[in-house]
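Report on one structure; see the data block that follows.
Note that the numbering runs from 1 along the sequence shown for the chain. Owing to the predicted nature of the structure, the values given are computational and were not obtained by experimental measurement.
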Amino acid sequence: MKRSKTMELGVGLFMLAGILGLVFLGLRVSGMSLALPSETFRLEANFASIGGLKPRARVTMAGVTVGRVEAIELDTEWYDARVVMELDAELEGVLPEDSTAAILTAGLLGEQYVGLSMGGAPETLADGDSVRDTQSALVLEELIQQFVTSMAKE
């Protein structure tokens, strides 16, 4: 069978489309994107324990992703974990001052993310403010240890 230039070009384009499709799917699964950054604002929250929370983890409200964890660092004043979150700009001036932030787990052993819950205060959070009411992560290993030690006492 004789090769033609059009067949070689078609196969090359097909392979290129397949590779681009795999790159696109890989970026979507990893949570990264090639989109231009949209307008955001920053909030901080201090947690006694962050469990397995990682930078780039989701920040959600009512199950909808509204931002990402930008950074996690140690607060040397209180020796807690400070979580810096980048949220959609449309939430600036909307989140009440008494909103809560909790570290949640998707499923039993899934990824950890930050869940925000609305408060009821008339004052709102602005860029650079801190969420004061936080709930630390539930660490499965600690729960198992507590269960085992309580069973050993009986």
Side-chain angles (χ1 to χ4, degrees), residues 15-154:
M15 292 297 295
L16 182 63
I19 291 170
L20 289 175
L22 288 174
V23 168
F24 173 76
L25 287 175
L27 289 174
R28 294 287 293 179
V29 168
S30 69
M32 298 171 62
S33 67
L34 297 175
L36 294 174
S38 60
E39 294 291 323
T40 60
F41 78 104
R42 293 184 113 146
L43 284 183
E44 295 180 357
N46 283 13
F47 295 94
S49 172
I50 61 167
L53 188 71
K54 295 181 176 27
R56 306 249 339 118
R58 297 180 301 137
V59 177
T60 65
M61 280 185 66
V64 178
T65 301
V66 294
R68 296 275 176 195
V69 172
E70 182 68 24
I72 300 171
E73 52 200 31
L74 182 66
D75 182 1
T76 55
E77 182 180 347
W78 298 101
Y79 295 101
D80 283 340
R82 180 184 302 130
V83 176
V84 179
M85 301 171 281
E86 290 278 338
L87 303 177
D88 295 341
E90 62 191 29
L91 293 176
E92 187 173 11
V94 174
L95 285 174
E97 190 176 54
D98 62 344
S99 296
T100 62
I103 298 178
L104 305 171
T105 304
L108 184 60
L109 297 173
E111 68 172 345
Q112 291 193 314
Y113 63 96
V114 178
L116 296 176
S117 298
M118 295 285 281
E123 295 83 21
T124 59
L125 293 169
D127 188 28
D129 285 348
S130 292
V131 178
R132 289 188 178 88
D133 188 10
T134 61
Q135 297 174 6
S136 296
L138 288 177
V139 181
L140 187 60
E141 291 83 10
E142 290 176 5
L143 292 175
I144 293 171
Q145 181 182 8
Q146 288 176 357
F147 176 73
V148 169
T149 54
S150 70
M151 293 300 286
K153 289 179 182 178
E154 292 177 0

Checklist entry - Say you draw a straight line from CG of Asn46 to OG1 of Thr134; how long is it, rounded to the nearest 0.5 Å? => result 7.0 Å
Next on the checklist: To check you understand the geometry: which heavy-atom pair defines the closest contact between Ala101 and Val114, and what is its length?
Outcome noted: CB-CG1, 4.2 Å
Item to check | Check: Leu116 and Val59 side chains under 4.5 Å, non-hydrogen atoms | outcome: yes
Checklist entry - Any side-chain heavy atom of Leu74 sitting closer than 4.5 Å to one from Tyr79? => result yes
Checklist entry - What distance separates Ser130 OG from Arg42 CZ, expressed to the nearest 0.5 Å? => result 12.0 Å
Item to check | For Tyr113 against Thr60, the heavy-atom pair lying closest together | outcome: CE1-OG1, 3.4 Å
Checklist outcome for this item: Between Pro96 and Gly120 the two heavy atoms that sit nearest each other are CB-N, 4.1 Å
Checklist entry - Is a side-chain donor or acceptor of Ser136 paired with a backbone partner of Ala48 at a separation under 3.5 angstrom? => result yes
Item to check | Nearest heavy atoms of Ile103 and Ala137, plus distance in Å | outcome: CG2-CB, 3.6 Å
Checklist entry - Quick one: CG on Leu104 to CG on Leu53, what's the gap to the nearest 0.5 Å? => result 10.0 Å
Checklist entry - Quick one: CG on Asp129 to CD on Glu92, what's the gap to the nearest 0.5 Å? => result 9.0 Å
Next on the checklist: For Lys54 and Glu111: C-alpha separation, side-chain torsions, deciding distance, then whether salt bridge (Lys or Arg N to Asp or Glu O under 4.0 Å) applies.
Outcome noted: CA-CA 9 Å; Lys54 295 181 176 27; Glu111 68 172 345; over 6 Å; no
Checklist entry - What's the shortest heavy-atom distance between Thr149 and Gln146, and which atoms? => result OG1-O, 3.0 Å
Checklist entry - Are Glu86 and Arg68 ion-paired here, with the side-chain N under 4.0 Å from a carboxylate O? => result no
Next on the checklist: To the nearest 0.5 Å, what is the distance between CD on Glu97 and CZ on Arg132?
Outcome noted: 5.5 Å
Next on the checklist: Looking at Arg82, is its backbone amide N or carbonyl O close enough to the side chain of Asp75 to form a donor-acceptor pair, meaning the two atoms are under 3.5 Å apart?
Outcome noted: no
Item to check | Residue pair Thr100 / Val131, side-chain heavy-atom distance below 4.5 Å | outcome: no
Checklist outcome for this item: Heavy-atom closest pair (Gly51 atom, Gln112 atom, distance to 0.1 Å) is C-OE1, 3.5 Å
Checklist outcome for this item: Per side-chain contact (heavy atoms from CB on, under 4.5 Å), Leu95 is matched among Leu43, Val66, Thr124 by Leu43
Checklist entry - With a 4.5 Å limit on heavy-atom distance, are the side chains of Glu70 and Thr40 in contact? => result no
